[in-house]
Amino acid sequence: MLIAAFAPAGIIYLAVDDTLCRKRGLTVYGSGMHHDPLISSRAKPLVSWGHDWVVITLIVVGPCWAPSKVWSLRSAFDCIAIARA
């Protein structure tokens with residue numbers, strides 16, 4: 001629905017972001033060990049315990065009078081996946 005409204009023709013730009021939400025404790029449902037880019041270095045990759053949220057957004061380029069303006073519209077795919085889990 002977002003693509004039909006904001007990008008009906010032309011190139012479709014998508015952005016993907018994964019964010020680690022650190023959680024502690026063995027009773028946290030669905031958590032696991034994930035790569036943590038904030039505390040890792042090239043020499044030593046480290047992991048943290050928590051949830052890894054992945055978000056897909058549609059990038060909408062501004063009109064021709066402001067081509068440097070972009071907006072990121074979040075899709076409903078991540079909300080649907082959480083509801084079914």
Side-chain angles (χ1 to χ4, degrees):
M1 190 172 358
L2 287 176
I3 294 173
F6 293 101
I11 300 173
I12 298 171
Y13 295 104
L14 296 174
V16 179
D17 177 46
D18 62 330
T19 302
L20 179 61
C21 180
R22 291 182 198 91
K23 300 287 182 183
R24 290 183 177 242
L26 297 175
T27 59
V28 178
Y29 177 77
S31 62
M33 299 300 282
H34 299 282
H35 176 262
D36 194 347
L38 295 178
I39 61 173
S40 297
S41 66
R42 288 188 181 186
K44 181 129 175 112
L46 297 172
V47 294
S48 289
W49 185 262
H51 294 117
D52 194 14
W53 297 98
V54 178
V55 179
I56 301 171
T57 61
L58 173 69
I59 303 296
V60 178
V61 180
C64 60
W65 49 268
S68 64
K69 301 291 184 185
V70 294
W71 290 271
S72 178
L73 302 175
R74 190 172 136 195
S75 67
F77 294 123
D78 52 347
C79 297
I80 293 170
I82 293 169
R84 290 185 182 170

Inset, instruction - Could you pull out the closest heavy-atom pair between His51 and Lys23, with the gap in Å? - result: ND1-CG, 3.8 Å
Inset, instruction - May I have the step-by-step check of side-chain contact (heavy atoms from CB on, under 4.5 Å) for Leu14 and Leu58, ending in yes or no? - result: CA-CA 5 Å; Leu14 296 174; Leu58 173 69; 4.1 Å; yes
Legend entry - Nearest-0.5 Å distance, CE of residue Met33 to CG of residue Leu46: 9.5 Å
Legend entry - Heavy-atom pair of closest approach, residues His35 and Ser40: NE2-OG, 3.6 Å
Legend entry - Any pair counted as side chain to side chain donor-acceptor pair (under 3.5 Å), so long as it reaches residues 12-22, sequence neighbours left out: Asp17-Thr19, Arg22-Asp36
Inset, instruction - Nearest 0.5 Å please: distance from the OG atom of Ser48 over to the CG atom of Leu20. - result: 5.5 Å
